[in-house]
Amino acid sequence: MDEYKAEIEAGELSVGQARMAQEALRSRVRVEALEEARVQRVTGVDASYAGGSAYAAVVTLDYTTQQVVEWASASAAITFPYIPGLLSFREAPAILLALARLERLPDVLIVDGHGLAHPRRFGIACHLGVLLDLPSIGCAKSLLIGEAADLEAEAGSRAEVRQGEELLGLALRTRQRVKPVYISVGHRVDLESAAHIVLACCRGQRLPEPARLAHQMANSCARQGEAGVMTRQDPPQ
DNA sequence: GCGACAG
DNA sequence: ATCTTGTCGC
């Protein structure tokens with residue numbers, strides 16, 4: 001049942017096909033508790049752009065010690081425009097390459113972007129989680145859809161993100177007096193598990209450490225042309 | 001038609 | 001996301 005997977009990895013879908021792929025794949029998302037005892041490794045996922053290419057970085061931390069275990073990066077030529085709601089078709093090709101370079105896949109991904117808090121309930125966190133059948137959490141810095149009530153100033157305070165009657169995610173204050181992050185289910189987690197894991201990874205900073213490090217690494221890779229790390233899809237000139 | 005709109 | 005340095009504050 002891996003229709004679309006090859007095309008997604010190769011960045012070959014049209015805008016219309018991309019929306020259809022989301023509609024087709026959304027039913028595969030599973031919402032279930034992720035036992036903390038089963039989480040030993042957490043990987044932060046992010047991408048940056050430069051010179052017509054997307055640079056993805058993935059950083060795996062030990063969940064208990066929050067120490068970096070391994071990391072990887074990859075680049076891919078950009079083949080898809082940025083369209084709100086279709087972010088994954090722009091970033092997933094490079095991200096999937098980077099994840100494939102890890103020695104071990106983690107127990108859960110923390111993705112820079114939304115999961116179910118998406119127009120078709122299939123944001124990039126769902127997309128990556130379903131394609132890899134790996135637990136994943138969406139952790140975005142702003143809302144794509146839905147609304148959240150104001151939250152208290154203390155770290156750990158939360159407010160539901162909802163669209164009408166539908167609960168889509170949580171606005172989560174990960175640090176005192178900073179803007180909240182928006183958590184949503186990607187795949188094989190539930191909202192409570194997701195919020196708990198994210199909070200456990202925020203060592204006094206707004207973004208969970210794996211995501212923060214992935215963001216830094218993606219930026220430096222983009223600036224340095226990935227520092228000599230090359231990809232079949234994006235060969236050196 | 002108008003405004004909103006992850007990264 | 002990106003174009004871009006220093007700077008104010010905890």
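Worth knowing before you read on, the calculation uses all heavy atoms, side chains too, and leaves out hydrogens, waters and symmetry mates. In this text, all values refer to a predicted model and were calculated from it rather than measured experimentally. Numbers restart at 1 for each chain; the letters A, B, ... are given by sequence-line order, proteins then strands.
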Next on the checklist: Over all strands shown, is A:I124 touching base, sugar-phosphate only, or nothing at heavy-atom distances under 4.0 angstrom?
Outcome noted: base
Item to check | Under 4.0 angstrom between A:S88 side-chain N/O and B:dA6 OP1 or OP2 | outcome: no
Next on the checklist: Pair A:Q17, A:S14 - check side chain to side chain donor-acceptor pair (under 3.5 Å), show working.
Outcome noted: CA-CA 5 Å; A:Q17 289 174 317; A:S14 69; 3.3 Å; yes
Next on the checklist: Please confirm whether the shortest side-chain N or O distance from A:N219 to OP1 or OP2 of C:dT2 is below 4.0 Å.
Outcome noted: yes
Checklist entry - Side-chain donor-acceptor pair under 3.5 Å between A:E91 and A:Y49, yes or no? => result yes
Checklist entry - Looking at A:K141, does any N or O in its side chain come under 4.0 Å of the phosphate oxygens OP1/OP2 on B:dA6? => result no
Item to check | Residue closer to the 5' end of DNA chain C, A:A50 versus A:R175 (nearest nucleotide) | outcome: A:A50
Checklist entry - Tell me: CD1 of A:I78 to P of B:dG7, nearest whole Å? => result 16 Å
Next on the checklist: What is the distance, to the nearest angstrom, from the CZ atom on A:F80 to the P atom on B:dA6?
Outcome noted: 15 Å
Next on the checklist: With a 4.5 Å cut-off on side-chain heavy atoms, are A:Q22 and A:H118 touching?
Outcome noted: yes
Item to check | For atom CD1 of A:I145 and atom P of B:dA6, their distance in whole Å | outcome: 11 Å
Checklist entry - Could you give the CG-to-P distance, from A:L170 to B:dA6, as a whole number of Å? => result 19 Å
Next on the checklist: Output the rounded distance in Å from CG (A:L87) to P (B:dA4).
Outcome noted: 21 Å
Next on the checklist: If you count every heavy atom of other residues, nucleotides or ligands that lies below 6.0 Å from A:E32 atom CD, does the total exceed 12?
Outcome noted: yes
Checklist outcome for this item: Taken to the nearest whole Å, NE2/A:H215 to P/C:dA1 is 5 Å
Checklist entry - Base, sugar-phosphate alone, or nothing: which one does A:Y82 contact when heavy atoms must sit under 4.0 Å apart? => result base
Checklist entry - Separation of A:R223 atom CZ from C:dA1 atom C1', in whole Å? => result 14 Å
Checklist entry - What is the distance, rounded to the nearest whole Å, between atom CZ of A:R121 and atom P of B:dA6? => result 16 Å
Checklist entry - Within the structure shown, what part of the strands sits under 4.0 Å from A:I95 by heavy-atom distance: base, sugar-phosphate, or nothing? => result nothing
Checklist entry - Side-chain N or O of A:S142 less than 4.0 angstrom from OP1 or OP2 on B:dC5? => result no
Next on the checklist: Starting the side chain at C-beta, find the nucleotide from C:dC10, B:dG7, B:dA6 nearest to A:R177.
Outcome noted: C:dC10
Checklist entry - With sugar-phosphate meaning primed atoms plus P, OP1 and OP2, does A:G85 contact a base, only sugar-phosphate, or nothing at under 4.0 Å between heavy atoms? => result base
Next on the checklist: For A:E23, I'd like to know if atom CD has over 12 heavy atoms of other residues, nucleotides or ligands within 6.0 Å.
Outcome noted: yes
